[in-house]
Amino acid sequence: MGRHRAPEPAELGQARNIDIERVQSALYGLGFDSELGFDRLIISAHDYVATAWIDYSVPLSLVIDSRARVPMHLDFASALAEFLDTWNMERIAPSASYELSDAGTIHIHTRSSAFIKCGLSDNQLQSFLGSALHSIGTFYRELRAEFELDDDHLRLPTTIVQEQDHVALNGPHPQGRHLPAGEEPEVYTAPDLAEISPNEPIEAFEFDHVVEPLDQLDFSYAIDEQEIVSTAVNGVGFALCVDSNAYFRITGGWITDFEPENFLDLWLVCNDHNEKSVNTTAYTRMEGDTVLLHVETSCDITQGQALDQRSHFVISSLVAILGAMDSLSTQTRGHSIVEWPS
């Protein structure tokens, strides 16, 4: 995991509801141009086009998807698998994945997200957006360097760039990428709505805030000398930590019985998960000859958090990671490692 410089102390503010117009205003304040549509906005860049949208399914989330401008050849598939898996293991965001097209080419995607049911302050919103777009840019720069993609590979006529931007802004809803093949966004299900508490002050994040939601849930846990908190839920081990005073991370782990040479089989399942998931990232990790599978979430804490934001993040993360572990283990081993209550 790459380490980050510790940020300046948070300036406290008040959480407010998030809509796409507020996102555009925050981006403008950060110096990013964007184009606003009915239910999304896009940020057009040289290597990619990014789409910001609000996912109203549970849990309510602000999502930034990106898609590389130019697809890659199928010959890169194995090397890309290792590159993307390493990125997802070492970097907090964005989650990176690829999609194989009907034409046999590879489309590179990334996704960043934030839980917004409890709202975000202006500073929290700007911090999330700035960090997300910076890390997306870093990802595509490192992708270019790793695979020696020069400007000739990426150069597109202006008309094609305009066409891609038009489709991103006006085409099928971006939620469709995160649904199983053949499914359409559900329009009859009641949306998850924001619940903003005016009585929950945003506080500078402290280590005690990591365990505070666990105490509320009456979960037992242990803390090691590196201030990593470990607990278990329904038979799945979890680690909670603060990364360089910038991110609150929650990771679920599974010690698989896969052999290292079966990496690609396991990675393909993780990749499919990362394509569909909005809030969690799955990746593999090697410890000797043991293959581990991790699923994690994270949130930006540089601008502090309110108690309801912390509690919502922890509960939503635990539920999402358990669901991911259930699906991933069932797909790869035919049964779930999650010990659901009967």
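Keep in mind that what you see is a predicted model, and the values were worked out from it rather than measured. Side-chain atoms are counted along with the backbone in the values below, which use heavy atoms only and exclude waters and symmetry mates.
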Donor-acceptor contact present, side-chain Asp326 to main-chain Leu322, <3.5 Å: no
Within one Ile-Leu-Val-Met-Phe-Trp-Tyr cluster: Val278 and Val23, side-chain cutoff 4.5 Å: no
Flag for Ser197-Asn199: side-chain donor and acceptor within less than 3.5 Å: no
Distance-only polar pair, side chains of His178 and Asp65, donor-acceptor under 3.5 Å: yes
Within-4.5 Å side-chain heavy-atom neighbours: Pro213 and Phe313: no
Check ion pair Arg22-Asp122 (N to O, under 4.0 angstrom): yes
Same cluster (ILVMFWY, side-chain, under 4.5 Å), Val236 and Leu266: yes
Glu227 side chain reached by Val242 side chain, heavy atoms, under 4.5 Å: no
Pairwise distance OG(Ser95) to NE2(His273) - rounded to 0.5 angstrom: 7.5 Å
Working for side chain to side chain contact (heavy atoms under 4.5 Å, CB included), residues Ile202 and Gln309: CA-CA 9 Å; Ile202 294 175; Gln309 292 175 328; 4.3 Å; yes
Spatial distance of atom CZ (Arg16) from atom CD (Gln124) [nearest 0.5 Å]: 11.5 Å
Any side-chain heavy-atom pair of Met286 and Phe263 under 4.5 Å: no
Audit row: Asp308, His312, side chain to side chain contact (heavy atoms under 4.5 Å, CB included) steps and yes/no: CA-CA 6 Å; Asp308 59 342; His312 178 67; over 6 Å; no
Beyond-backbone contact of His173 with Trp53, side-chain heavy atoms, under 4.5 angstrom: yes
Asp215 CG: over 12 foreign heavy atoms closer than 6.0 Å: yes
Steps toward side chain to side chain contact (heavy atoms under 4.5 Å, CB included) verdict (Gln305, Phe248): CA-CA 10 Å; Gln305 276 191 323; Phe248 183 7; 4.3 Å; yes
Side-chain donor/acceptor of Ser327 to backbone N/O of Gly323, under 3.5 Å: no
Ser61 side chain vs Asp55 backbone, donor-acceptor pair below 3.5 Å: no
Closest approach of Asn274 to Ala96 (non-hydrogen atoms, all atoms of both residues): ND2-O, 4.2 Å
Donor-acceptor contact present, side-chain Ser329 to main-chain Ile337, <3.5 Å: yes
Under 3.5 Å donor-acceptor, Arg111 side chain and Ser277 backbone: yes
Which atom pairs, one a donor and one an acceptor, fall under 3.5 Å between side chains of residues 126-134 and the rest of the protein, sequence neighbours left out?
unit_1, atom_1, unit_2, atom_2, d
Ser127, OG, Asp300, OD1, 3.4
Ser127, OG, Asp300, OD2, 2.7
Ser127, OG, Thr302, OG1, 2.8
Ser131, OG, Tyr247, OH, 2.7

Pair Phe83 and Trp267, ring centroids less than 6.0 Å apart: no
Considering all heavy atoms, the nearest Val167-Arg40 contact: O-NH1, 4.3 Å
Under 3.5 Å: donor-acceptor pair, side chain of Asp192, backbone of Leu60: yes
From CG (Leu125) to CD1 (Ile18), nearest 0.5 Å: 4.5 Å
Connected via hydrophobic side-chain network under 4.5 Å: Leu169 and Leu156: no
Pairwise distance CG(Leu293) to OH(Tyr283) - rounded to 0.5 angstrom: 9.5 Å
Student check: side-chain heavy atoms of Leu74 and Leu100 closer than 4.5 Å: yes
Pair Glu203 + Arg310: basic N to acidic O under 4.0 Å: yes
Short side-chain donor-acceptor distance under 3.5 Å, Ser311 and Gln216: yes
Closest non-hydrogen atom pair, Ile250 against Ile321: O-CD1, 3.6 Å
Side chains of Thr284 and Asp85, donor plus acceptor under 3.5 Å: yes
Donor-acceptor pair, side chain of Asn234 and main chain of Trp340, under 3.5 angstrom: no
Test item: Thr105 side-chain N/O and Ser101 main-chain N/O as donor-acceptor pair under 3.5 Å: no
Whether over 12 other heavy atoms sit under 6.0 Å from Glu142 CD: yes
Ser316 side chain to Asn279 side chain, donor-acceptor N/O pair below 3.5 angstrom: no
Ser34 (side chain) donor-acceptor with Ile43 (main chain) under 3.5 angstrom: no
Backbone N/O of Ala246 and side chain of Ser244: donor-acceptor pair under 3.5 Å: no
Test side chain to side chain contact (heavy atoms under 4.5 Å, CB included) applied to Arg177 and Ser97, step by step: CA-CA 12 Å; Arg177 173 194 146 187; Ser97 57; 3.6 Å; yes
Residue pair Glu21 / Ser25, side-chain donor-acceptor N/O under 3.5 Å: no
Side-chain touch Trp254/Val295, heavy atoms, less than 4.5 angstrom: no
Neighbour count above 12 (heavy atom, 6.0 Å) for Tyr28 OH: no
Asp47/Arg141 ion pair, N-O < 4.0 Å: no
Smallest separation among heavy atoms of Arg69 and Ser44, with atom names: NH2-OG, 2.7 Å
Gap separating the CG atom of Leu214 from the CD1 atom of Ile315, nearest 0.5 angstrom: 10.0 Å
Whether Tyr48 and Tyr140 hold their rings parallel, tilted or perpendicular, with breakpoints at 30° and 60°: parallel
Arg249 versus Ser298, closest heavy-atom pair with distance: CG-CB, 4.0 Å
Hydrophobic cluster partners of Leu292 (side-chain heavy atoms under 4.5 Å): Ile255
Side chain proximity check, Glu200 to Cys118, heavy atoms < 4.5 angstrom: no
Crowding at CG, Asp224 (>12 non-hydrogen neighbours, <6.0 Å): yes
In one Ile/Leu/Val/Met/Phe/Trp/Tyr side-chain cluster, 4.5 Å: Ile92, Val63: no
Cluster check Val70, Ile42: I/L/V/M/F/W/Y, side chain < 4.5 angstrom: no
Atom pair CG/NE2 of Asn271 and His109 - distance to nearest 0.5 Å: 10.0 Å
Note, Thr138 side chain near Arg91 side chain (heavy atom, < 4.5 Å): yes
Closest non-hydrogen atom pair, Ala168 against Thr51: CB-OG1, 4.0 Å
Whether Trp87 and Phe139 hold their rings parallel, tilted or perpendicular, with breakpoints at 30° and 60°: perpendicular
